[in-house]
Amino acid sequence: MILPGTGRVAARRCAPLVATVVLAASVAGCTGSKGTSAASSSPATVTSGGTTSGSPSASSAGLSASDVVAIKKAYTTLIDSTTSTADSIAVLQDGAAFKDTLDAQAKSPQAQDTTATVSRVTAQSPNTAVVIFTILLKGSQVLKDTPGFAVRENGRWKVAGGTFCGLLTLNGGAPPVCKTAAATALPG
């Protein structure tokens, strides 16, 4: 899904896997739980600079401070190359379904020294947030101001499975789990 006003495609998610992502200019799309564009219900427009226009104007509008902290922590934990598979599973939507993929990514030499920063989190619904994140390799930006999603699953904020799947697609292919609604659908 292309976010309105950007010409950029929304990211789906990444664990430590950045080598091919370095060359990528855009990220594969997301759909909502009913197959509709998730951005169509977004409360703000994401611009190419990673800022928002329209309402809301605050980066965390509609979210508590603890929600924003939890979302940022989920992204930074999942993308950090030093994170264990168990910890990655805990911060990824339907994470157990991605165990084999996370194990493989953790062993990949291409995935070493990756980290992430989150510059913006905006509520899309009570259980979905738009996240603007940057992936770094050895401290250098390799995928800047990338839009993705966070979902509230069983009361905890996690990186959306669809965001992860989009980044896996950039890295050469997504596993079959990426075709399942349980692992990738955005809640309403």
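Residues take their numbers from the sequence shown, with the count starting at 1.
A heavy-atom distance below 4.5 Å is found between the side chains of L168 and Q105. Annotation: side chain of V159 is not in contact with side chain of T77 (no heavy-atom distance under 4.5 Å). Residues V151 and Q93 are in side-chain contact: their nearest non-hydrogen atoms beyond the backbone lie under 4.5 Å apart. Side-chain contact between T76 and T83: absent, with no pair of heavy atoms (C-beta onward) separated by less than 4.5 Å. Counting only heavy atoms from C-beta outward, the side chains of T122 and R120 approach each other to under 4.5 Å. C165 has its side chain within reach of F98: a pair of non-hydrogen atoms, C-beta onward, lies under 4.5 Å apart. A heavy-atom distance below 4.5 Å is found between the side chains of T134 and D145.
With respect to R152 and D67, a salt bridge is recorded, a charged nitrogen being found less than 4.0 Å from a carboxylate O. Between K99 and D103 there is a salt bridge, since a side-chain N of the basic residue sits under 4.0 Å from a carboxylate O of the acidic one.
Atom CG of L136 is separated from atom OG1 of T115 by 4.0 Å, given to the nearest 0.5 angstrom.
The closest side-chain donor-acceptor pair between T82 and D80 falls under 3.5 angstrom.
Shown are V131, V69, I71; of these, the side chain to side chain contact (heavy atoms under 4.5 Å, CB included) with W157 is made only by I71.
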